[in-house]
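Read the structure below first, then the notes.
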Amino acid sequence: MAHSPELAPELRGPRVVLTPLRPEHRQRLREIHREPEVRRWWQMPDDDWPEALEPDTTGYTVLTDDRIVGFAQWYFEADPQYRHAGLDLFLSAEVHGRGLGTEVIRVLCTHLIDDHHHHRLVIDPNVANAAAIACYRKVGFTEVGVMREYEMRHDGTWEDGLLMDLLAREFVR
């Protein structure tokens, strides 16, 4: 199936809906992106975020009970020899600890494996982000290794990232 970010389908889980980004989502997503618990792990958004995602990146607004609670995205490597998809998300601190992150990851993984036929998915949390790492493990992601001095933080220091991957056959639905 060809990838076209502008034609992204709505994705549904038991409690979450991932809906393609729309202009009316911008303000709330930017507010969430600036929350201290989100900024701890994500860089400040550019002025044109979320409208200007990288090419071949599909972005979603995460809803629960018809409320905007976060953002999720995925991208892909198209070279057949290395074909895979990567994903990421953040959720408002107001919904942390409810299992919604795990549900969002499951919904995205299901879409990427079943609809786009990816055999391998990757994610790269900060090595200190224990909650995110635990979430990703629940759906079957495993640690590949630490990427040293992977990401420059707000203060100009470098922090390590953890490369994790999931093979389709290991996905815990």
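G101 approaches L91 most closely through the heavy-atom pair N-CD1, 3.4 Å. Heavy-atom minimum distance, V17 versus R12: CG2-NH1, 3.1 Å. Closest non-hydrogen pair, Q73 versus L108, comes out as O-CD1, 4.2 Å. Nearest approach of V69 to T64, heavy atoms of both residues: CG1-CG2, 3.6 Å. Annotation for L29 and P50: closest pair CD1-CG, 4.2 Å, computed over non-hydrogen atoms.
Salt bridge absent: R106 and E103 never bring a charged side-chain N and a carboxylate O closer than 4.0 Å. Between R40 and E159, none of the side-chain N atoms (NZ, or NE/NH1/NH2) sits under 4.0 Å from a carboxylate O, so this pair counts as no salt bridge. Classification of R173 and D114 as a salt-bridged pair holds, one side-chain N sitting under 4.0 Å from a carboxylate O. The residues R148 and D160 are annotated as not salt-bridged, no charged nitrogen and carboxylate oxygen being separated by less than 4.0 angstrom.
Placement of M164 and W41 in two distinct hydrophobic clusters is found when ILVMFWY residues are connected by side-chain heavy-atom separations under 4.5 Å, directly or transitively.
Taking the centre of each ring, H111 and H116 come in below the 6.0 Å mark. Ring centroid separation for the pair F71 and H33 does not come in under the 6.0 Å cut-off.
When each of I133, L163, V127 is paired with E143, the side-chain contact (heavy atoms from CB on, under 4.5 Å) condition holds for I133 and for no other.
Annotation: the span from H117 atom NE2 to L112 atom CG amounts to 11.5 Å, rounded to 0.5 Å. Note that CD1 of I123 is 6.5 Å distant from CG of L89, once rounded to the nearest 0.5 Å.
Donor-acceptor pairing under 3.5 Å is lacking for the side chains of E170 and T142.
For the pair R98 (side chain) and E94 (backbone), a donor-acceptor distance under 3.5 Å is present.
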